[in-house]
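Here the structure is laid out as structure tokens; the discussion comes afterwards.
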Amino acid sequence: MPRGIKDKVAILGMGCSKFGERWDKDADQLMVEAFDEAIADAGIETSQIDAAWLGVGFDAMNIGPSGIPLSMALRLPNIGVTKVENYCASGTESFRGAVYAVASGAADIALALGVEKLKDTGYGGLPVRSRGTTFDMIGVTGSAPGSFAQIASAYRAKHDVSREDLKRAIAHVSVKSHANGAKNPKAHLRKAVDMDTVLNAPMIADPLGLYDCCGVSDGAACAIVTTPEIARALGKQDLVAVKALQISASNGWEMQAGGGWDGSYFHTTRIAAAKAYEEAGITKPREQVSLMEVHDCFSITELVTMEDLFISKEGEGWKDVLDGFYDADGGIPCQIDGGLKCFGHPIGASGLRMIYENYLQLLGRAGDRQRQDNPVFALSHNLGGQPVQNVSAVAIVGLHGA
Amino acid sequence: MTETGILSFGAYIPKRRLQRSAIHAFNSWFAPGMRGLTKGEKANANWDEDAITMAVEAARDGLTGVDRARVAGLTLASTTLPFADRLNAGIVKEALALGDATAASDAAGALRAGASALLQALGGTETRLVLAADRRLAKPGTEAEMNYGDAAAAMLVGQGDVIARFIGGHSVTVDFVDHFRSTGADYDYAWESRWIRDEGYAAILGTALKDGLAKLGVDGGSVTHAIIAVPVKGVPEQLAKKAGLNPDACVDPMMAIVGDSGAAHPLLMLAATLETAKPGDTILLASFGQGADVLLFEVTEAITRLPARRGVAGHLAFRAEDSNYSRYLFHRGLHSLDKGMRAEMDQKQPGTTLFRQRKAVLGLIGGRCTKTGTVQFPKTEISVNPNDRAQGTQEDWPLAEKTATVIAFTADNLTYSPDPPSFYGTIDFEGGGRLVTEFADVSKEEVEVGVQMRMVFRIKAVDEMRGFTKYFWKAVPANKGDA
């Protein structure tokens, strides 16, 4: 394994727009909203930014191609701006670009910004789109909930969990995230719900009901990164540093190789998580990880991810969920900001939104949501694509030197 | 002397059977005259079935136990061919994974196109697969709507170990316009049934029957099974009687359980007859349409050795009673339900990519690594085997005839499907290979992880903007309709 990214890069400032149905703003205005907060937090001038990365998932349906939309929105000083797209990992991917640029020494200060305008499509849920000429001939153009719902059938079969038990467990995932989201002024959905509401909601894709699905939102989030040395020189006292950044992409094994993957977990998440823990020097994740923001696009995704991140034992994640281990006051809070479920899911912004919450929590700036046990390591996770073929990203940030 | 005749046969009847009473319940306020036709049910193709897909299924049934390398030619007969200028039989050839050196042609023009194609093939010496399929549209509130059913049949003809020896045939052609459908039109326009009965069936077909029997030197009374494919109650028996055939020899036209499947119907009745025929039986087949074709066969002892297949009986048993007239109309474009914005995705099919991937898309041919034995779909340059990235080692590996096991699945209510919810999932093929695909014709009770599936050729999507139909393979529960 290479030496890794641990403690080489610090977060200088972060910002996040309010997520939701932002009928009032275009993508460029959302970018400015997130950027204004980040640049103020960083305490630098825009002219000090050396390079920028823009993450967006559905560029063809909102901002259009290239890095130019970010350069224009922020009137960046003709620096290099690169747009990245990696399904729902696009936000974390933009962060990786900026972090790697600083770690390499090519840039002193770099910007990562993720944005998505999904509420200009005319309907709820993710836009239907082509996945390439070959896929369109032989693949299934299902909905996102349909793709992810398949995990539940295989998980139930493998671990002999009854339909009812699993339905209750995934319902708890959503009830918990709604309780958390209610405390977050920037969240898209801010209403608590009870178990019965979740269990009795209309079925979207069996076994996922309406409340098992996250909302799609408009929003933007932003990070400005630099070296720990420069951050200190700029007067920053408590530093949040990048501990690990790992991305794993499917190579077709899950989708094409019969008899291999059993359909009940996310192969790439396990790989990215193992590498990230090693990069961060974490040996006992269940004891060392203070809090998590994971890709809860659907409740079943979050549940299975608890196992794929090696926090819950395989086949027992559903019990930890029902025990409240991942509640805001549990052993390791998961989605303390409401998660994709309630904070919202503007694809390109989501990875950065997760890091934003982790950053606030580590610095004790999370307001009503603040975890009181002095968090040290905070993990964020994205999953893009579908269970059979996806991109998984794991980012760990923590107090510098920890 | 080498005998020419039928070597094998197959059939396909869609699973859903629309109750005629459900049609009448909806339309009786407007068309009370249909009350006499409300008995029984008719086979109705799902939204993703057409003459091509049904012909493929009948062909696969007919090729049970047959080495496909034997098939030298193929004819697809239909009055509802999806393409006016693209060889429909060519799509069938790809779906059946027949070699490129296959002579394929479409036959059309009249309801007797299936019987004419069969007669023509029997006049040759090569082994030819004759397919007939129809999925005819009928205007709501008509007799045609009550009568028409969807189905397909297959006859493999040639020389050798024939199950039914071809004795001979007789054809007449007369431009008798009992009904017509112009190119591009959706519906038939039919003349008065009494005129058709007298001048068409009795005069043209009746004479053809008599002349045919005389020409072949066969005594009508010796015919064991008389297939007179006329969808009017009592008419076959009357014609039989006049031609010196035993009226009791008339084969059930299956109007109460299938409906009139147009160009496919004579061959479908022939398939049904062959399923129960005994060595030595004589079968007469008569088909009507701007004239008539009469064919005569004698069943041989080889029929007792024909491997089991679904056939007509198997498909009739694999049945789902259907009273959803609204869905039936919607699937035929006769009921404009709002499909929603999710249905707006452009389905444009690049000709270049379809040609490059034609074996994978139309034939469900994957790859097998000759070095490691790893099977995958689709075939790629580098093997998917995580332990051996062998390059350029894959041979063609057909998957269409293999059974598969469900690994994961869902029933999706959100994605657009003309037949919601959309069932799909991940399946593993026996002997290797995996596919994520849609499940066709299934209900919630039929699918679970571990269930065995088999593959069927279906419409994947239709590019309505350019009028192009896209085909691919879907999975159905394997144990249903098996012989």
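Just so we're on the same page: letters track the sequence lines, and every chain starts at 1. Only a predicted model underlies this, so the values are computations on that prediction, with no experimental measurement involved.
Your options are B:G432, B:G433, B:P421, and the one with the most heavy-atom pairs under 4.5 Å with chain A is B:G433. Put simply, of A:I204, A:N251, A:T133, A:L208, the one with the most heavy-atom pairs under 4.5 Å next to chain B is A:I204. Contact tally against chain B (heavy-atom pairs below 4.5 Å) for A:G142, A:G125, A:G263, A:G252: the top residue is A:G142. Comparing B:A343, B:A360, B:P378 by how many heavy-atom pairs each has under 4.5 Å with chain A, the most go to B:P378. Heavy-atom pairs under 4.5 Å with chain B were tallied for A:G258, A:P127, A:S143, A:A152; the largest tally goes to A:S143.
Residue-environment remark: CD (B:E448) exceeds the threshold of 12 foreign heavy atoms within 6.0 Å. Annotation for B:R86: atom CZ counts as buried by contact number, over 12 foreign heavy atoms lying within 6.0 Å. The neighbour count for A:R168 CZ, taken as heavy atoms of other residues, nucleotides or ligands under 6.0 Å away, does not exceed 12. Within a 6.0 Å sphere centred on OH of A:Y211, heavy atoms belonging to other residues, nucleotides or ligands number 12 at most.
In this structure, chain A has heavy atoms under 4.5 Å from both the backbone and the side chain of B:L354. Interface remark: B:E344 contributes no atoms to any contact with chain A (heavy atom separation under 4.5 Å). For B:P350, the part lying near chain A is the side chain, with the backbone staying farther off; criterion is any non-hydrogen pair under 4.5 Å. For A:R129, the part lying near chain B is the backbone, with the side chain staying farther off; criterion is any non-hydrogen pair under 4.5 Å. Residue contact with chain A, scored on non-hydrogen atoms closer than 4.5 Å, is absent for B:S422. Residue contact with chain A, scored on non-hydrogen atoms closer than 4.5 Å, involves the side chain of B:Q357 exclusively.
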Stepwise side chain to side chain contact (heavy atoms under 4.5 Å, CB included) check, A:D206 with B:K444
CA-CA 10 Å; A:D206 187 80; B:K444 202 174 173 181; 3.5 Å; yes

Check against side chain to side chain contact (heavy atoms under 4.5 Å, CB included), B:V436 and A:M255
CA-CA 7 Å; B:V436 179; A:M255 192 178 224; 4.2 Å; yes

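Counting only distance, with no hydrogens or angles, the side chain of A:S153 and the backbone of B:F409 share a donor-acceptor pair below 3.5 Å. Within the 3.5 Å criterion, the main-chain N or O of A:Q150 finds no donor-acceptor partner in the side chain of B:T410.
Atom CG in B:N413 sits 11.5 Å away from atom CG in A:L210 (nearest 0.5 Å). To the nearest 0.5 Å, the span separating CE on A:M137 from CD on B:Q349 amounts to 5.5 Å. The distance from the OG1 atom of B:T353 to the CZ atom of A:F135 is 14.0 Å, given to the nearest 0.5 Å. We find the OH-OG1 distance between B:Y416 and A:T141 to be 13.5 Å, quoted to the nearest 0.5 Å. With rounding to the nearest 0.5 Å, the separation of CG in B:D412 from OG in A:S147 is 7.5 Å. A distance of 13.5 Å separates CD1 of B:I407 from CD of A:E254, quoted to the nearest 0.5 Å.
Heavy atoms only, all atoms of each residue included: A:V128 and B:M345 are closest at CG1-SD, 3.4 Å. Across all non-hydrogen atoms, the minimal contact from A:I138 to B:F377 is CD1-CE2, 3.9 Å.
Using a cutoff of 4.0 Å between basic side-chain nitrogens and carboxylate oxygens, A:D136 and B:K470 are not scored as salt-bridged.
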